[in-house]
Each structure stands twice: as C-alpha cells, then as structure tokens.
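Notes follow once the structure below has been shown.
Below, chain A is the first sequence line, B the second, and so on; all start at residue 1.
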Amino acid sequence: MPELAEVEYIRKQWDAGIGQPIRTVEVRAGKRIFRGTDVEALVETLTGAKLLGSETRGKQMLFRFSRGGWLGIHLGMSGHLRVEAADFAAGKHDHLVLRQKQQALVFEDPRMFGRVRFHAGKDAPEWWTSLPPALISPEFTVAKLRENLARRLRSPLKAVLLDQALFPGVGNWMADEILWQARIHPATPTGTLAAKHTQTLWKNTRMVCRVALETIGRDGNDPPARWLLHVRWKPGGHCPRDGALLDRGVIAGRTTAWCPVCQPEPA
DNA sequence: CAACCTGTTCGCCA
DNA sequence: ATGGCGAACAGGTT
C-alpha cells in the first residue's frame, strides 16, 4: 500500500510511545519479515530501551532507541503500524509488538512483503545512511535527474519512476500522478524525452511529493480533489483536467492509468 | 470463484 | 555484461 507520504503518516503512529521504555518485545520469528535480521539481538537490545524518535526516507522508516538500538521497517504492500492497549493480545499478522507501560506499539503485515531490520551501535546503520536523498531535498536537481535518466534510455518512464534508487518513495499511484501532472505518457522511453519535458518532470516530481507530504503525510488528509489518484483505480474514470475517459494498461508490470488527451502517445 | 493488488527480488533472456 | 521482463512471494478484497 504505502508510498512516501503514507509511510510518513504511518511512522508517526508510534510517536505515542516516544520517551517511554519498552518493557517486553514480542516477535513472530521465523517469518520472512525478519529475513537477514538478528532477531535475538533485536529482542535483547530493545527490551528495556527507550524509543527516542523516528524518521522516514522514501518508503523506509527508522526508529531510534536508547542502548544503541536502530529498528528499520519497510511496510511492503500491506504493512501497517498501530498502537494498542498495553495488554492487548497479538493477532496472527502482528509480527512485532513493543509493549510499554501505557500502550503497545504494533507492526502488522498480512502479506509479509514488508521487512524489519535491526542494528546495534552508536551510529545509524549503513543500510540506512546509504539511502538516496529525498526528492524534495536540494540534492535532487534537474542535472541529477538528467544523469539518472541517461542511464535508463530505453526504459519507459513509468519503470524509471518506480526505481527506488532514483525516485525514493515513489510507488504506483505517485508515478501515475507525476506523469499525469507533467502531461507525459507513461510509456515514453526515457531517451526520447525532450529537455523541456525533463524540466517539467522534475518540477512535478517535487510538487507531487511536497503536496502529498503536506496532506497525507501531515495528518492523513486527502490530497487536492483534482488529482488523478482519486479516479485512477476504477475503469471508467475520467481525467480531472479535460474529462476524457482515462486509458489503462500494464506498463513496467504495473497497472497504469493515463489520459489519452493530455498525455499523448510518444511519437 | 477468479482476478487483482499503492512492493521488491530473482532468474531468464536478449 | 546490462538491462528489461515476468514470475514469485502471501493473503485479503472485490
């Protein structure tokens, strides 16, 4: 489910537990959720540790604890964070439960495409610090975008937008939204994009990220009513800009919606 | 009942 | 050797 702004909103669900020690840690070990993770070290370090804070990078979240505990969570397709009463009983999809005096912090993920990582140490782990800079940061420049696109000349733009190394946090709906805002057809091969369109793509990438973070990311509010995401799911949806019936198809392996009028086929 | 899914990774093929 | 594509992952929802 979650992309950039949803991840930011979900991350804050655990803010209720900041400053309080974890009394017990419950883990449904042996699940693919914990692949590559030292679950014993996670339990040992976090038991008795205090949650200090958290941040988001793209679709990744990092929770910082006292005693040098760093917990990374990726929500995958169906992951979610929530807060329950301190004595609640974990359900079968609740893979990680951090119990505090006042409440329990829960990570659930029915489909188990998500991932939990753990690191113990003074500094944040390499798997966190090596993530690319945010699309709304000053480091994401038009020149940088041009450079990224130049490495994938034959790919459809939709595929490139879904690449987390290049567009961290962008998922299926955001990719469609950005291309629709920029009036560029999702199947356009990267190498055929006019310089002017690269500029437009850059501008709209930042705009969609910024506005999504200010609405969904801030408090779960809806993004602007005239955005594509409100109509892109159901067949029969119409372009909020010109009213044309939206086209749908599979591009880069994902369901994609676009407007045949304002996002014309690449030549 | 069958198809579909806001994500990632792997192996195959060009 | 790259790079792109489909399949696989697993369960819920339509």
**A/Glu108 CD - C/dG12 P separation (whole Å)** = 11 Å
**Prompt:** What nucleotide, of C/dG11, B/dT8, B/dG7, holds the atom closest to the side chain of A/Met112?
**Reply:** C/dG11
**Request:** Between C/dA7 and B/dA3, how far apart are the P atoms? Round to whole Å, please.
**Result:** 14 Å
**Prompt:** Salt bridge check: are A/Arg254 and A/Asp176 linked by an N-O gap of less than 4.0 Å?
**Reply:** no
**Residue list, side-chain contact (heavy atoms from CB on, under 4.5 Å) with A/Val261, at least two apart or on another chain** = A/Asp242, A/Ala244, A/Cys259
**Pair A/Ser78, A/Asp109: side-chain N/O donor-acceptor within cut-off below 3.5 Å** = yes
**Item:** Residues which pass ring-ring contact (aromatic ring centres under 6.0 Å, His included) with A/Phe107, listed by chain and number, not counting sequence neighbours
**Value:** none
**Asked** Which whole-number value in Å describes the distance from A/Asp109 CG to B/dG7 C1'?
**Response** 10 Å
**Message:** Taking salt bridge (charged side-chain N to carboxylate O under 4.0 Å, His left out) as the definition, give me every residue that meets it alongside A/Arg57, ordered by chain and number, with sequence neighbours left out.
**Reply:** none
**Fill in**
Between CD1 of A/Ile33 and P of B/dT9 the distance, given in whole Å, is 13 Å
**Prompt:** A/Ile73 has an atom CD1; how far is it from atom C1' of B/dG7, in whole Å?
**Reply:** 16 Å
**Message:** Check whether A/Trp128 forms a cation-pi arrangement with A/Arg117 (NZ or CZ under 6.0 Å from the six-membered ring centre, at most 45° off the ring normal).
**Reply:** no
**Prompt:** Can you tell me how far P of B/dG7 sits from CG of A/Leu161, to the nearest Å?
**Reply:** 12 Å
**Prompt:** Is there a donor-acceptor contact under 3.5 Å linking the side chains of A/Gln103 and A/Gln20?
**Reply:** yes
**Message:** When you compare the side chain of A/Pro189 with that of A/Leu153, does any pair of heavy atoms fall below 4.5 Å?
**Reply:** no
**Request:** Using the P atom on both, measure B/dT9 against C/dA1 and round to a whole Å.
**Result:** 22 Å
**N or O in side chain of A/Lys59 less than 4.0 angstrom from B/dT8 OP1/OP2** = yes
**Minimum heavy-atom distance between A/Ala212 and A/Ala5, given as atom pair plus value** = O-CB, 3.4 Å
**Asked** Looking at A/His74, does any N or O in its side chain come under 4.0 Å of the phosphate oxygens OP1/OP2 on B/dT8?
**Response** yes
**Request:** Check whether the aromatic ring of A/Phe113 stacks on the base of B/dT8, taking stacking as ring centres less than 5.5 Å apart and planes within 30° of each other.
**Result:** no
**Message:** Show the nearest heavy-atom pair for residues A/Leu245 and A/Gly237, with the distance to one decimal.
**Reply:** CD1-O, 3.6 Å
**Request:** To the nearest Å, give me how far apart CH2 (A/Trp173) and P (B/dG7) are.
**Result:** 11 Å
**Asked** Looking only at atom P, what distance separates C/dG6 and B/dC4, rounded to whole Å?
**Response** 15 Å
**Message:** Does B/dT8 have its OP1 or OP2 closer than 4.0 Å to a side-chain nitrogen or oxygen of A/Gln164?
**Reply:** yes
**Prompt:** For the pair made of CD1 in A/Ile251 and P in C/dG4, what is the distance, rounded to whole Å?
**Reply:** 15 Å
**Prompt:** Between A/Arg32 (CZ) and B/dT9 (P), how many Å, whole number?
**Reply:** 10 Å
Could you pull out the protein-nucleic contacts involving nucleotides 2-5 of chain B (nitrogen or oxygen on both sides, under 3.5 Å)?
from: B/dC5; atom 1: OP1; to: A/Thr255; atom 2: OG1; distance (Å): 2.4
from: B/dC5; atom 1: OP2; to: A/Thr255; atom 2: OG1; distance (Å): 3.4
from: B/dC5; atom 1: O2; to: A/Arg111; atom 2: NH1; distance (Å): 3.0

**Asked** Are A/Glu26 and A/Arg99 close enough for a salt bridge, meaning some N to O gap below 4.0 Å?
**Response** yes
**Asked** How close do A/Gly69 and A/Thr45 get, heavy atom to heavy atom, and via which atoms?
**Response** CA-CG2, 4.1 Å
**Message:** Applying a 3.5 angstrom cut-off to the pairing atoms, does DNA chain C sit in any stems of at least three consecutive Watson-Crick or G-U pairs? List them by first number.
**Reply:** B:2-5 with C:11-14, B:7-14 with C:2-9
**Prompt:** Heavy-atom contacts under 4.0 Å between residues 148-160 of chain A and DNA chain C, which residues?
**Reply:** A/Arg152, A/Ser155
